[in-house]
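Model, not experiment: these values are computed from the prediction. Atoms considered below: every heavy atom in the structure, side chains included; atoms not considered: hydrogens, waters and symmetry mates. Residue numbers begin at 1 in each chain, while the letters A, B, ... track the order of the sequences.
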There are 2 protein chains.
Amino acid sequence: MKVAEAQTRRKMGRPMSFDRQTALQKAMLAFWRTGYETTSVNDLTAAMGITAPSLYTAFGDKRQLFLEAARLYLGDPADIAREIEGAPTAFDAARTMLTAAAQAYTGELTPRGCLMASATASGSAASADVQAIVAGLRGEIERHLRARVIRDINEGVLPPQTDPAALSGLVMAVTQGLSVLARDGADRVALLGIVGAALAAWPANRIEGTTA
Amino acid sequence: MKVAEAQTRRKMGRPMSFDRQTALQKAMLAFWRTGYETTSVNDLTAAMGITAPSLYTAFGDKRQLFLEAARLYLGDPADIAREIEGAPTAFDAARTMLTAAAQAYTGELTPRGCLMASATASGSAASADVQAIVAGLRGEIERHLRARVIRDINEGVLPPQTDPAALSGLVMAVTQGLSVLARDGADRVALLGIVGAALAAWPANRIEGTTA
DNA sequence: TGGCTTTCATAGTGATTGCTATGTATCTTG
DNA sequence: CAAGATACATAGCAATCACTATGAAAGCCA
């Protein structure tokens, strides 16, 4: 018996003729490339290789499809939390995150920049809720980072006068800013250089911080 | 005789019943708030208080209106160049620019964030040229910054191993990133804190760089 | 095979997109 | 006061928007 099919199928009619996960990934790439509101359902169906009714029965509507695509893009939030909290220091967490961003934003098989940064960077009032959800996801990452900085302060790894919000905010700002530069054409080396420069801002890690 | 009118009018028919500059500013605010493609002509005419035919005779089309609004937003490029090149050091130029951004992005009378950062952050292929123009304007600022950093290196203000592109790129990235955070709801104090943290990345200015 | 269920492709829904044709109102010039 | 020129308001253009009604196709179970 096929496990994957048996789960979702309930009264077994005609099976889907396309792979849902593959189609979702194509949709993610389309949103990544051209944004949430500015990617039409027509663009999506073309990219996914399915018709509009198939899209709507499989994913609900454009909004739900985007949210699911964003979840696929971001990965499991618990993984991100683990990655930040499990790092040796907040500096390591920041370096890992920024380096990963610089590489992810300049992949050769994916669109430039960051889906979370660009897809809902602006939009009409009709999509305010989607923009808010994406903003919330960003905020979650920032809170984890800030908590990790505070832990470093409490453990004496960072000096007590360190401003946690300023430091976590800087990492977030650079992460989002790298996306803009990547979209503008900056290559991976340039982005990694910026990451190195940004990490030089880290207190008590100034000597160790590489400058690319 | 009224000078301003005499310049543009050629064969003098019925005069415009609205102030062109005021209408342009309203359009700028609309684009600022909801982006280039995601602000409809209907939204624009409503914000500007004029009808569609008036908009098209006065500004050409939506694309030209946006480009003119972007020019109004950014101000004279020569002023920006002067501001950067006229600063005592590259650090001062960066601090001035970042501080001004943090304040401009959190104005109470204007939309959050930066028009240049958000309005064309993503879009369909149909607006690729507009996105490219805005990207070009960003690139111009970055080049000025980079040249200012190089001058500091040559004059011994910055250490010779300084990476100019990394430093100018960092300022650009933080500038763009601040816009995202401002749109997400970060207040002025938070943004200025991030600016302070970013300036701590500046070589040979680490001690002087404020962190609040 | 004959129901039953679900997905498929075709085609089209009303609403909105950027933009404009048309005719009238309002100005300057002679 | 005409003639000429321009901007005005109304109304509507074709195209596209997100989305769906409809009926045939394709699977399972009896």
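What separates CZ of Phe18(A) from P of dA26(D) is a distance of 17 Å, to the nearest Å. Nucleotide dA7(D) holds its P atom 10 Å from the CZ atom of Arg14(B), rounded to whole Å. Summarising the geometry, the separation between CG on Asn42(A) and P on dA18(D) is reported as 8 Å, rounded to the nearest angstrom. Summarising the geometry, the separation between CG on Asp19(B) and P on dA7(D) is reported as 15 Å, rounded to the nearest angstrom. Rounded to whole Å, atom C1' of dC8(D) lies 12 Å from atom CE of Met16(B).
Relative orientation of the Trp202(A) and Phe91(A) rings is perpendicular, given thresholds of 30° and 60° on the angle between their planes.
Remark: side-chain polar atoms of Arg33(B) are not paired, donor with acceptor, to backbone N or O of Ala125(A) under 3.5 angstrom. For the pair Ser168(A) (side chain) and Ala165(A) (backbone), a donor-acceptor distance under 3.5 Å is present. A distance-only check finds a donor-acceptor pair linking the side chain of Arg148(A) to the backbone of Ala87(A) [under 3.5 Å]. In this structure, Ser118(B) contributes its side chain and Ser122(A) its backbone to no donor-acceptor pair below 3.5 Å.
Judged purely by distance below 3.5 Å, without hydrogens or angles, the side chains of Glu37(A) and Ser124(A) pair a donor atom with an acceptor atom.
With sequence neighbours left out, the side chain to side chain donor-acceptor pair (under 3.5 Å) criterion links Glu68(B) to Arg20(B).
Residue contacts for Thr38(B): at a heavy-atom cut-off of 4.0 Å it reaches no nucleic acid atom on any strand shown.
When the side-chain nitrogen and oxygen atoms of Ser17(A) are compared with OP1 and OP2 of dC8(C), one or more of them lie within a distance under 4.0 Å.
Judged by the 6.0 Å and 45° rule, Lys62(B) forms no cation-pi pair with Phe31(B).
Listed nucleotides: dA25(D), dG27(D), dT17(C). Nearest to the side chain of Pro15(A): dG27(D).
With respect to Glu142(B) and Arg146(B), a salt bridge is recorded, a charged nitrogen being found less than 4.0 Å from a carboxylate O.
Non-hydrogen atoms lying under 4.0 Å from DNA chain C are contributed by nothing in residues 20-37 of chain A. Using a 4.0 Å cut-off on heavy atoms, the residues of residues 45-67 of chain B that approach DNA chain C are Ala52(B), Pro53(B), Tyr56(B), Asp61(B), Lys62(B), listed by number.
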